[in-house]
Each structure stands twice: as C-alpha cells, then as structure tokens.
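Single-structure report; data block below.
Below, chains carry the letters A, B, ... as their sequence lines are ordered, and counting in each starts from 1.
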Amino acid sequence: MQIRFRQCSGSHHAGCLRPPWLASNLLLIFIVSIVAAAQSPDQHVKVLLRSGQAALDAGDFARAASDFEQAERLSPENLEVNRGLLLTYLQAGRLAEAAELGRNAVARWPGDAQLWHWLGLAYFKAGQNSPALEALQRSEKLDSARFDIHFDLALVQLQQDQYPLAADELEKAIKLKSSDPLAHVLLGRAYQNSNRTLLAVEQFQIALRLDPKIPLGHYHLGFAYASLGRNQEAITEYEKEIASAPENPEVLYQLGRSLLETGDYKSAIACLQKATQLNPQNADAFYDLGKALLLNGDAQAAIPALRRSAELKPTDPSPHYQLARALTKIGTADEARQEWKRFDELKKAQPQNGGMASGRVQ
Amino acid sequence: MAASLWMTVAASPRQVKSRQPIAKHSSPKNTAPGVASFVDVTRASGIDFHLTCGSLEKRYIMESMCGGIAVFDYDNDGWMDIFLVNGSTLEDLGAGKCHPSKLYRNNHDGTFTDVTTKAGLTHCGWGFGVAVGDYDNDGWEDLYITYLDGALLYHNNHDGTFIDVTARAAVGNAGRWGTSVAFGDYDNDGYLDLYVANYVDLDLDHLPEFGVGPFCQYRGIPVSCGPRGLKGGRDRLYHNNGDGTFTDVTDKLNIDPGGYYGLGVLWLDYDLDGCLDLYVANDSSPSLLYHNDCKGGFTEVGVEAGVAYSADGREQAGMGIDSADYDNDGWPDIAKANFSDDSNNLYHNDHNGQFTDMAGPAGFGAISIPFLGFGMKFLDFDNDGWKDIFVANGHVNPQMDQHSFGVTYAERPLLFHNLRNGKFDEIGRSSDAALARRYVARGAATADFLNRGKEDLLISVLDGSPVLLRNETAKSGHWLSIKTVGTRSNRDGFGARVEIKAGNSTQSAEVRANSSFESASDPRLHFGLGTATRVDSIVIRWPSGKVDKVETEAADQELVMEEGGGVIERRNRQDHLTEPFTKRLPRTE
C-alpha cells in the first residue's frame, strides 16, 4: 500500500500547519482496535496505516501518532509506517522525536527522498539549519522534480542568508510550478538580497499578478524600487500595502523613509511618527524621524528622536552625526562637540569592509 | 555694441573682429523646453585618441582610474584646445612602450588637429589627471600632469611648445600616484599654488592579487583590490614661490595627515571671505574641507561643515567634484559623484559655514544610486540662467556585466536640468542618442568649443575614444561669457568671484579651470541669461581684494575683463555663424 501523505512544506501554506484537531475520534480508535485484533499482523498494519493517514488528514496528530507507533511496533521495517510516523511527529511539533526517527529511517532507507525531506524539515523547525540543509540537499539530489523540496531547501538557505543558492532553488521550483505566488516573492527576496534588484522587481510583479493580495507583496516591490532609487514608485507600492495593513510599522517606516528621500518631509514625519509609536524599538525609524524633523527645520524636535535612536543602537554613529548637526543649529555648541566626539569614536570602532567604496547596503 | 560704463578705470574697450568664420550649427532635434540635445561629433572633429588603461579585466586598481582631460587655450587664439591624458599597461610600462597623451589644436571650425609632437608633450608614462594654470603669470597656460609614479609640470613656451620644468619647479610629487590636481592661489599672493590628490601608495612589484582577500570583493564577486586594504597616498600642497619654483607645504599646513585616498580636488571660497578654501573628495574615507583662515593656514572642517560624509554620516567613495551656485542664492554649493549603490551629493551651502546634502529632495540623489559617477560638472546647457549638472558614469569592475545586479560596467551619463525651485529633472535618457548611450566614462569637462555661447561637453572613456558632445539644444537663452585676466591677482583670475545682474535675476560664479575628475574645463565663466538681452551689471571681486564693476553689457558676447582694467576686449561671436555647420561636419551619431 502506498500511503498518501499530505505534502507539507515548511512554509506557511494554508492547511499545512493546522491546529491539532481536538475531537479525537475515540470510537473510531476502538473499532480499529477490535478489527485489528481479528486480523493478521500485515492486515493490522494496513488498517493502522489507513487510520493514521485519516487522522493526519483530519489534523488529529495524537491519534495519528498512536496508530503509526502501533504500526511501527508491529512492522518496524515498513517504509510507509516510518514515513507516516515521521510526518506525524513533524506535524505535531514533536521535533526531537521526528529528528531521531528520521535519522534512523534515512539510515535504513538512504535512497528515500521523502524521508530526507521531512528529516530536513524537522531540523529546520528545530532551528538546526546546518543539518536541515544537508538533509534537504540530499533529498533534492534523490528527487529533483519536486517543487516542495526545492522550495523548502530555499527556505533554509534564505534563513542562512545564502541568497544566491536560495535563488537557484527557487528558480528550479518555479520551473516545476510557476503559479505559486509565494515562491515568486521568495525568489524576489533572494534576488534582492543578492543585489539582483531588477530581477527582484520582476518576481514581485509576477507574484502580485498571481495574487494581488499576497501579504507584503507590495512592500517587497516597494523596497526593491527604493533600493534602485525609484522612490516615487516605492511610495506607490508602500501605500498599496498600507491600504491592506495600515498598522504595519515596518511598512510605515519604509514609506516614511522614501518620503524623506523625496523631500516630502511633512508626510515623512507623519509616517515615521506612527511607525515609532507602533514599534518603539525601531532605532532606524527614530533616526529617520529625527533626520526628517531636522531637514524640515525643527532641530529642537529632532533631538529627542535622535537621542532615542542612539539609545536603541548605541554603536551606530549616524544618530550622533545628526545630533551634532541639530545641536549646532540650536546653538548648543558644547553639546554638539560632545556628539561630534562620540560620532568620531564610534566611527573609529567600526570595522572596515568592502573594497573600493562603501556602497549602500541593500 | 552696447553702452558700457567702466566704474574703476577708464579703459576703452575694443571690439574684436572674428578671426575666422565659425561653423554654424545644424538644426537641433529636440525643441521642447528642458530637453537637451547633445550630438556626438568626436569622429568628425578629427579627434583620434584611444585611452589605454591597463588590462580590460581591470585586475588592478590603477587600471580603472585613468581619464584626465584638459580644455584650455594653449596658443592664446581665443579658442579652446584639448589635451587628453593617456595611461598605459603594466606590460607596456615595463617594456617602455608608449601610449602618448595628445594635444589637439582647435581649428575654429569644429575640427581639431593633433599637435602633440610639435608641442613637445611626448612624455611616456601612465598618466591620470591634468591641471591647467598660468603658474608664472606670463599670460600662457601651463600644464601639470599626474602619473602613476610622479608628475610633470610643463611650461608653455608661447610658441606652441612646452618644456618640462618639473625638476626646477620642484613639483614632481616624489614618485607618488596622483589623480586629480588643481591650481589655486590660497594665499592671494598673485601666484597659483598647486594641490595634488594622491590615491594609493602602490608597489608595482607587489600588487595585490585580483579577488584575493576581504578588500578584493564586490557584491560577493572577485574584483580588483582596494583602495581599502592598501596604503593611502598623502596629498601634496605646493606653494608657489613666485620665481618658477614651489615649496611643499604639506607638512607645514597639516594637509591630509591621514593619507586618505584622494580623487577629487576643488578650490572654492565657500564662506565668501575672499580666501580660497579647498575641498578634497576621498574614496572610502571622509572627504576633507580645508577652511582658509586668510592668514596662510587651513583648518579641516569637513565633518562639522557637513561635507565629509553622506547625509547619514557614512564614508563615501568621492570621485569628481564641482561647485556652482545652483539655486542662485549667491553662495557656492558643491556636487560630488560617488560609487554605485550610493547617492551622489548635492551639498547646499547654508550660508553659515555648513552644508546640507539636498541630493534627495533635489531629485539628484536617488536616481544616481545604480550609477558610479566620476566626472561631475555644473553647466547651463540651455542658457536659462540656472546651473544644470552633468555626471559622467562608468563602473570600475567589468565583472559587473556577468551578473544581473542592475549595475552595469558601461553606464549612461546623467544630465540634470535645473527646475529653478531647488529641484532637478534628470533628462539624459530622454535626450539625444549620444546622452542615452552607455560609456565607461571618467573625466568630464565643459567648454564652448565653437565660441557660440553654448556649453559643450567632453568626456573621457576608459579603453576607448573620448566623446565630444556638441550642444545643439534648441531652446537656448541668451548668454554672456567672461574671461578674467588678473593683474595684481593671478593672471588667470582663478578664485575671482563674478556677480552679474540681468533683468530680475542675479547669478554668481567663481573662476576656475580645475574640477570634476582629473580634468580641467574652459575657464571662461559662462552665464545663461534666458530672455535677457543685456546684463545690467557685472561685479568682479578679485583675489587681491580689488572689486571692479561694469554696468550694462549686451548679451551674447564674450568679455575679456582685466583686473583694474575693465572690459579690454569684446568677442561678439554671433556674426561668426555664417555657414551651415552640417555642410562640413556631418553628424556621426
């Protein structure tokens, strides 16, 4: 019998991470037990597999685990049983057990792409990215025609900031299934973070064509535009995102930043004030708020925002640079000198990187 | 001839006839306001020059930094000539094979003749930047050229030839790799001093290996190393002793003690105190602004003045720099070109010793982010009385083209049209093909090559031919050109501040030749006048402190103005435009 397990990705695809099904069907378990007792061991295992799969489909992980564990005791060498149990542990969040079972299973069936895939996901969900990467790469080598394997491998690579590799995997995934908007968004992010911003723009646009309401689609497209210096287009995209998520402080911050870049200080200040209210820990938002206030001619109001930014990011010289300029403008020369000094100290403490120049980090 | 009232000295100006007919320009293609039309006339002009600068792979840092160009009137015929600095390759340098720089004489008809050999400018070396200035006040422009291993000062012999006087003048830059260089009289003694930006102290026998090491990567790909990780070259300031010799005052005046990676040099009087200050653009390190205390000393104030870093206090890769009063508020502002992934700067002079980078709000910054800028020049391409900005771009790593970074090796130049409200509109892409084309550009200079009241452009291109862009903008206003002749001040009048009033507008500008990247431009001040057909007043504040005033001059002419002598010559160029330019000079685009 070939067990039909749901192909569950590590991503948040709808239905993949259902909450545990609360109504465990005790009656069904009872019937299955009676029937099983009257059957041969092989037949019993088959019944348990069917029952386990039904429980998995229903999101009843406790029952699924019970069925598969029972089946595993009866037939420990059965691949389908091991697959079922591994997937159940994975879905139930029993990650340590999933990893242990997965390790044993792949030792027994080293050519099974599915087992490697789920073992990789178990590691990934447990935050063990290196073994996750290894397992998923193994899975991908065994079966390169599976969208979800490429997709999940890319997820791990994105998590590890391996953007060019993630882009490669997502390109493969999209070749197999081009209609998944999330894959396009992730590929766009991989491109964006590997400095292929024009390609990123294309991917975000495709994602938005496939699903105009995909969460953060406009945000990512706006960010790509902004990093190309196309601030007006960025503003348009951020505003579209804000229409559906008006309280997202990160989107508000990026919108404020682009408005600041275009010289629309008043609108920038309004956005950045809201962003800092919604997320009082965002040092960059306080910094840009201070900068916008300063450029708008209100040095006095800029100072508290810049001080807050400096508190939140004590190693960043930039707030001290703006503070020194603001303090100079309001005529407090001594305090300004202190800030110049602090700026200079922090500058010197920063490591040098890059070759010919310090470009803007995207 | 318009009536003229010379306020200081009763000198009778003389009308000067044209020396030779000037070619009339062809019908321009773009006629809408704010639309520029620049036509590539390089081939037709007779300029046949190939800039050699190392290997095409650009395995070492010096292979990306060539491209000096100088526009100057070497033979005093009133027409701008061209000097193009050439580089070399490691192999050819070792083998003694020459890639000569070239001097082209302006034939007054849109064409040029190679006079390099006759002029004696035959030094073989790996050249970079060039400065123009009459260091000995003999009325003839001299040349200073930086090389990978030192520099040369050529004295103009007044007969179309030059002679190397480096050793006697003691300005050899002691084997250093100089880039941009500029003449300016910082102590107002009437003699031009010399600032040399040095980039990296490079040991040719131990060059850093391509792509190996933390400072040999860009966006994760192997590229040529540096400048970070390499020792910066300390800039030099040479004081002109007035007797044909110079004294190195670098240590005495505490110039560039950090040995930053110098790439751009600009003399300007940013605080209008009558003493030339100095702005130096550095790569991957803070740019420096030396405030002149008018007592022979400098204080470095770049950070406090707001021109050392980006608007966020970050180091940038400063390349070409230029200064002009873009908002006509009477104070000189500064524009600086930077690396890609970074914004160019437009430092607005706040009139209090501070600048604010207005690149973002001015529409000048964000658009520049994918571009790596080198040459940077203010000009008024449409003569509307508001300074526009030209930026010559080109990356340093050809490896860019193997990736989809959104950044390419060759890049189109940017032309920013001044919208007269503190904002600019980048119109290069929508202009003629020559501006929309991509180049690996480096130096950029402006000049009115045809003496017809339009500022043309000349850019150098790495491993290629320079590009001479003739300004054919149709909607062009009236204009006035001023050539300054110092008497008590330096002969070039460098540092003189000129203010003109025409109608309701007032413009001001400072005389200089050297700015941009490794380049020197037409030193004549060019003022667009829009619809004004006359200038109501001209005020010149000379470096000596003397102030000259002239009232009422007609538009559309070049005035030669002498310190204390008023208008000593008028060159009315309009009557030269007698013959269709296209008859003899076909377009080459």
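With a 4.5 Å cut-off on side-chain heavy atoms, A/Tyr321 and B/Arg314 do not count as touching. Side chains of A/Arg325 and B/Thr356 form a contact here, defined as non-hydrogen atoms less than 4.5 Å apart. In this structure, B/Ile369 and A/Leu228 have side chains that are not in contact, with every pair of non-hydrogen atoms separated by 4.5 Å or more.
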Would you please test B/Asp312 and A/Gln322 for side-chain contact (heavy atoms from CB on, under 4.5 Å) and show each step?
CA-CA 7 Å; B/Asp312 294 317; A/Gln322 302 295 348; 4.1 Å; yes
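Taking chain B as the reference chain and counting heavy-atom pairs below 4.5 Å, the highest number among A/His320, A/Lys329, A/Lys291 is found for A/Lys291. Residue with the most contacts toward chain A among B/Ser368, B/Ala362, B/Gly360, B/Ala366: B/Ala366 (heavy-atom pairs, distance under 4.5 Å).
Taking all atoms of both residues into account, the shortest heavy-atom contact from A/Gly263 to B/Pro361 is CA-CB, 3.6 Å.
With a 4.5 angstrom heavy-atom cutoff, B/Ala308 does not touch chain A via any of its atoms. Of the atoms belonging to A/Leu294, not a single heavy atom falls under 4.5 Å from chain B. A/Tyr287 touches chain B through its side chain: at least one heavy atom from C-beta onward sits under 4.5 Å away, while N, CA, C and O do not. For a residue to count as touching a neighbouring chain, one of its non-hydrogen atoms must lie under 4.5 Å from one of that chain's; by this rule B/Ser285 does not touch chain A.
For the atom pair A/Asn195 CG and B/His403 NE2, the distance stands at 10.5 Å (nearest 0.5 Å). Rounded to the nearest 0.5 Å, atoms CD (B/Glu304) and OG1 (A/Thr328) are 8.0 Å apart.
Within a 6.0 Å radius of CD in A/Gln160, more than 12 heavy atoms belonging to other residues, nucleotides or ligands are found.
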